[in-house]
> 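Structure provided below as structure tokens; questions to follow.
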Amino acid sequence: MEGFIKILGILAILAIAYIAMAVYRRLIRNQENKVWRRLIPMWAMLIGVGLGILFFANVPEIMPTAGLLTSMFVGGIAGWAAVGANQFAKLTFGEDRRRAVIKAEKVIIKEDKPVEKPAETQQEDDEEDSV
């Protein structure tokens, strides 16, 4: 049971960073400049580091670390894991899954060639001309 309690600190950091990044994405979704979107992993890592320090100082029994520096590393990695969890959820359940499938189909099919008319439509055109 004690091992499970120690994992709760990491899961709590992951959940809080995930929620914070969801709010951040909502705030910047209408920005034309994509720089703010590129900073999402960095912000998640910094939130995780801050929460690692906070949890180590205030609730050390739920952090599976022995020192402050290790808590900072664990928190930062949990923050990055929140970004990865978000991407996994988007690809599995969200609109981006459909986009990824369409991109993969375009790469496989390579739609560079012009499409020719099938033979049936050419015959119909010939019949209309003769009438």
Side-chain angles (χ1 to χ4, degrees):
M1 184 68 173
E2 187 167 320
F4 178 72
I5 291 174
K6 291 208 177 269
I7 293 174
L8 285 179
I10 297 170
L11 294 176
I13 292 171
L14 192 139
I16 293 169
Y18 186 92
I19 292 168
M21 290 301 98
V23 170
Y24 179 75
R25 271 187 216 92
R26 290 284 182 179
L27 292 174
I28 64 164
R29 85 175 140 190
N30 294 329
Q31 296 285 331
E32 301 232 354
N33 191 354
K34 299 290 182 183
V35 172
W36 295 106
R37 271 188 128 18
R38 291 183 188 147
L39 295 176
I40 289 174
M42 184 201 62
W43 291 123
M45 188 261 317
L46 289 176
I47 288 170
V49 168
L51 289 171
I53 294 169
L54 185 72
F55 285 2
F56 182 76
N58 295 324
V59 200
E61 58 269 2
I62 67 168
M63 284 302 286
T65 60
L68 182 63
L69 187 62
T70 312
S71 292
M72 291 170 58
F73 284 129
V74 168
I77 291 169
W80 272 334
V83 175
N86 180 36
Q87 292 302 311
F88 174 77
K90 282 171 52 176
L91 288 174
T92 306
F93 306 112
E95 185 69 22
D96 284 347
R97 179 175 184 227
R98 189 175 62 83
R99 289 184 195 145
V101 170
I102 290 171
K103 283 182 184 177
E105 288 174 353
K106 285 182 181 178
V107 169
I108 292 170
I109 295 172
K110 293 187 180 179
E111 298 180 23
D112 295 337
K113 298 178 184 177
V115 179
E116 296 181 21
K117 281 187 171 180
E120 296 174 1
T121 58
Q122 289 176 355
Q123 290 175 356
E124 291 174 5
D125 291 340
D126 293 340
E127 291 174 3
E128 290 176 3
D129 293 337
S130 64
V131 174

> Would a hydrophobic clustering, with Ile, Leu, Val, Met, Phe, Trp and Tyr connected at side-chain separations under 4.5 Å, put V83 with I19?
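No, because V83 and I19 fall into different hydrophobic clusters, even though each may have its own neighbours under 4.5 Å.
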> Using 0.5 Å steps for rounding, measure from the CG atom of L51 to the CG atom of L14.
10.5 Å
> Do L46 and M42 make a side-chain contact, defined as non-hydrogen atoms from C-beta onward lying under 4.5 Å apart?
yes
> Of the non-hydrogen atoms in A17 and A82, which two are nearest, and what is the gap between them?
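A17 and A82 have their closest heavy atoms at CB-CB, 3.9 Å.
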> Is it true that a side-chain atom of S71 and a backbone atom of G67 form a donor plus acceptor pair closer than 3.5 Å?
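Looks like yes, one N/O pair under 3.5 Å.
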> Given side chains that start at C-beta, do those of M63 and I13 come closer than 4.5 Å, heavy atoms only?
yes
> Tell me every residue that passes side chain to side chain donor-acceptor pair (under 3.5 Å) with W36, counting only those two or more places apart in sequence or in another chain.
none
> In Å and rounded to the nearest 0.5 Å, what is the CD1 to CE distance from I53 to M72?
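The distance works out to 4.5 Å.
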> For I47 and A20, which heavy atoms make the closest approach, and how far apart are they?
CD1-CB, 3.7 Å
> Could you check whether any side-chain N or O of W43 sits under 3.5 Å from a backbone N or O of M21, counting only pairs where one atom can act as donor and the other as acceptor?
no
> Does some side-chain heavy atom of N86 sit less than 4.5 Å from a side-chain heavy atom of R25?
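The answer is yes, as the side chains (C-beta and beyond) meet within the 4.5 Å cut-off.
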> Can you tell me if Y24 has over 12 outside heavy atoms packed within less than 6.0 Å of its OH?
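Yes, the 6.0 Å shell around OH holds more than 12 heavy atoms from other groups.
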> Could you tell me the separation between the CD1 atom of I10 and the CZ atom of F55, rounded to the nearest 0.5 Å?
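If I round to the nearest 0.5 Å, the distance is 11.0 Å.
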